[in-house]
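Below is one structure, written out as structure tokens; the observations come after it.
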Number of protein chains: 4
Amino acid sequence: MSAALPCIPTSAIPKRGRRKDARPGELLDAALDLFVDKGYAATRVEEVAARAGVSKGTLFLYFPSKQELFKAVVRQNIAGRFAEWDLELESYVGTSQDLVRYCFETWWERIGSTKASGLGKLMLSEANNFPEIAEFYRHEVVEPGHQLIRRVLQRGMDRGELRALDLEHAVYLVLAPLMFLMFSQSTPALCIPNAERFSPQEYIRLQADNVLQGLCVRSA
Amino acid sequence: MSAALPCIPTSAIPKRGRRKDARPGELLDAALDLFVDKGYAATRVEEVAARAGVSKGTLFLYFPSKQELFKAVVRQNIAGRFAEWDLELESYVGTSQDLVRYCFETWWERIGSTKASGLGKLMLSEANNFPEIAEFYRHEVVEPGHQLIRRVLQRGMDRGELRALDLEHAVYLVLAPLMFLMFSQSTPALCIPNAERFSPQEYIRLQADNVLQGLCVRSA
Amino acid sequence: MSAALPCIPTSAIPKRGRRKDARPGELLDAALDLFVDKGYAATRVEEVAARAGVSKGTLFLYFPSKQELFKAVVRQNIAGRFAEWDLELESYVGTSQDLVRYCFETWWERIGSTKASGLGKLMLSEANNFPEIAEFYRHEVVEPGHQLIRRVLQRGMDRGELRALDLEHAVYLVLAPLMFLMFSQSTPALCIPNAERFSPQEYIRLQADNVLQGLCVRSA
Amino acid sequence: MSAALPCIPTSAIPKRGRRKDARPGELLDAALDLFVDKGYAATRVEEVAARAGVSKGTLFLYFPSKQELFKAVVRQNIAGRFAEWDLELESYVGTSQDLVRYCFETWWERIGSTKASGLGKLMLSEANNFPEIAEFYRHEVVEPGHQLIRRVLQRGMDRGELRALDLEHAVYLVLAPLMFLMFSQSTPALCIPNAERFSPQEYIRLQADNVLQGLCVRSA
DNA sequence: AATGAATGAGTTTTCATTCAT
DNA sequence: CATGAATGAAAACTCATTCAT
């Protein structure tokens, strides 16, 4: 950091006043933090509003309910990005081995290592208590995610690069390691006892290596 | 009521005298079922008491708070069986490939398909709210589990049957698939969208196959 | 009041302690007062509980919701008494003229002049905002009331004591005056401008006279 | 936007210039409709503003509070037409029987079947919350109404066409049926359970018949 | 004059915990 | 020991009102 860089105030944002365009984003950011940190039920909307620098009433101006707020958080951070990822997959040029490896690494960069990964753990914890939200998540996140991996594997089989396997169970060769890492991120104590010697990147590389060794057609 | 009407005992055990010692155990059993089924917050102490056949007040006679009840539940149900398993491992005769496969299958039979699965998911969900009990779980379950797998892999490497890998990350080649299946058991909707076409046994077999394909030394 | 009458404490009731049997009645009395006085929406359950000398939580021990509390009030004060009134009607001996007169007078004594009459006004005011309660009231109070009057008139026609009229509209010859008096009781200012010169008993007598003069078969 | 694009006027009336004076009236009209339809509490000021085609803030420019808006609505819609009716009564030629019948029918046409009915019900509901406006209503509507009926009956007695009765209570022989019908109009469900078989005109006719049969001097 | 973004007070209901009996 | 009646804190959501623009 160069020396005399003038200290830009964290925000020149007037806390009072009309900032209609900025509000939703600020609220979603605050909500993501709190939801991930404390869970859905334990997060109070007033707290979300406070963290975003507005009053409780203002939050309800932009999101009609706590549930909708949560859904919006999920949409912004995960669900809404599948369209882009699907496109990326369609236009991928290269071997399926590379594609699989790319999936592992990209997932880590875009989801696993971000706050979004807290949402997965959150959903797992609260699914039973909020069936409607769970259904939303299943439909908007879980389903598309499975489809994405399924297509990756199908592509590999079609091209003769991956062994022909029962897709229904094979998707979990990719998903299980990712999901476990996701949960680990939120609760490392219970998943990764020696956290200090653990490197997510190394984990990702090893899991990708492993799954490919297993999936690759034997070149004899 | 006519005098000598034979008193049909509601249970073979005499009502008074018997209970006193059994109470805590009955409460813990009831609590385990409900905690695992509905989660910590959604389980009401009154329900636990009712299921154990006592009044709400009585529960608080044995456990000073809901939190303490929860801790007691976890502690009671984590009677470390690792000593036994470690022994089993020590005395295992056969290739390490077979041993790995045996681990996958035995884990499913003894843990994955049992109530213990629910306990694992429960811990994951509540670890943040109960750091103390999470620590206990880490020490009594997670650590020993990691050690067990670590020894299995080490054995394979020592015997030249498995590739030499960084154990710190390689343990997760075995653990991640198992843990994911564990969490799936409690919340299938979010993990396994096509549950009707999913077979845990098939999943176990495929994951074991896969990890072995990846771990085996190439006979080239 | 005689001089040295020992001052009996308004209640020897211990405000704290277990009084399961007495609670519902005390709560219903308090609720009737407040509902009638302030309306359904404006009455806060906490206030009801306080007036009954218990805490908010206790109220919900006996009534699962505000709506059910209200329904119970209506049942105790009106709906639950139709069975008795129907019986009284069946066993009435005397001319139908006398019976009609008896209805007017009895209604006044048992409903019109009591706090129960406030419930009618209350329902009229709040029906649009609480459709479920309105439906309950229609079914439990309005319908039975109409049926009762209908049977009275039918009896008179059958016995040749009352003119044959379209029952559908004739019931209101009796009901309209009663309902108007009911509403007047709660809001005299808007219904009876000269309240000081108004006597409900005189009103009842005159309306009964009038309706009978009109209903009676001309003795030529 | 290209320069001379002809501006299609949204209405024939020039947007600016016209409105200013009309605003309060439009707001009052919207408010009347909504208050009568949904009641005072259930009517949201934003809805009133929207219906009048202005923003919420604008409403508060003209009326300092919801309560004041309500008062203004009542005041505006009680333009006393009693002077005109009194004249009509003075100049009535015909028997008092006919006059009474004329009163019933005319009331229905001019009041009972119009929005004014809703205003009456509204006042009954809100009288307790708005004692000041209730007093206004009593003075402007209730009192004159009572006086009108009183004079009708007095006329009949003076002419020997109606029985001599205590006017103080006799007015309600006419008013009670009308008021009940008025309230019924706004809340039929609670007043007229068999609405489909009910005809207001038939009700009016029967009540008029009845009151006259009872009021007429016996020609013996 | 007009707008509409922002505010925050106000209420029902649940449930862990207490304690008189 | 056991009971169960009583307690009261806690949180989502609405909407009249304000005021910066």
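Only heavy atoms go into these numbers, but all of them, side chains included; no hydrogens, no water, no symmetry mates.
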Do the rings of D/Tyr40 and D/Phe35 sit parallel, tilted or perpendicular, given the 30° and 60° boundaries?
parallel

Less than 4.0 Å between a side-chain N and a carboxylate O, is that true for B/Arg75 and B/Glu135?
no

A/Lys121 and A/Glu126 ion-paired at < 4.0 Å:
no

Euclidean distance, C/Ile78 CD1 relative to C/Glu140 CD, rounded to 0.5 Å:
11.0 Å

If you find the nucleotide of DNA chain F closest to C/Leu59 and the one closest to A/Arg44, which residue's nucleotide is nearer the 5' end?
C/Leu59

Please report the interatomic distance CG(D/Leu124) to OG1(C/Thr187), rounded to the nearest 0.5 Å.
4.5 Å

Atom CG of C/Asn129 to atom P of F/dT14: distance rounded to whole Å?
16 Å

Is there a side-chain contact between D/Lys56 and the phosphate of E/dG4, meaning an N or O under 4.0 Å from OP1 or OP2?
no

Checking all strands, does B/Phe63 fall into the base, sugar-phosphate, or nothing category for heavy-atom contacts under 4.0 angstrom?
nothing

Does a side-chain N or O of A/Ser55 approach OP1 or OP2 of E/dT7 to a distance below 4.0 Å, or not?
yes

note: C/Leu34, atom CG; E/dT12, atom P; distance rounded to Å ~ 12 Å

Relative orientation of the end axes in the helix from E/dA2-F/dT21 to E/dT21-F/dA2, expressed as an angle to the nearest 10° (five pairs per end):
20°

Quickly work out the C/Glu47 CD to E/dG10 C1' distance and round it to whole Å.
13 Å

Whole angstroms only, please: what is the CG-P distance between D/Leu27 and E/dA1?
13 Å

Tell me the interatomic distance from A/Arg23, atom CZ, to E/dG4, atom P, rounded to whole angstroms.
17 Å

Under a 4.0 Å N-O cut-off, is there an ion pair linking C/Glu26 with C/Arg51?
no

Which nucleotide wins on minimum distance to the side chain of A/Lys66, given the candidates F/dT17, E/dT17, F/dA12?
F/dA12

Check whether any side-chain nitrogen or oxygen of A/Thr58 sits under 4.0 Å from OP1 or OP2 of E/dT7, and answer yes or no.
yes

Pairwise 5' ranking along DNA chain E for C/Tyr40 and B/Ser65, keeping only the more 5' one:
C/Tyr40

May I have the distance from C/Glu46 (atom CD) to F/dG8 (atom P), rounded to whole angstrom?
10 Å

Do NZ/NE/NH1/NH2 and the carboxylate oxygens of B/Asp33 and B/Lys115 come within less than 4.0 Å?
yes

So if I take every side-chain heavy atom of B/Leu61 and compare against F/dC1, E/dT13, E/dA16, which nucleotide ends up nearest?
F/dC1

Comparing C/Phe60 and B/Pro64 on DNA chain E - which has the more 5′ nearest nucleotide
C/Phe60

OP1 or OP2 of F/dA6 sitting under 4.0 Å from any side-chain N/O of C/Tyr62?
yes

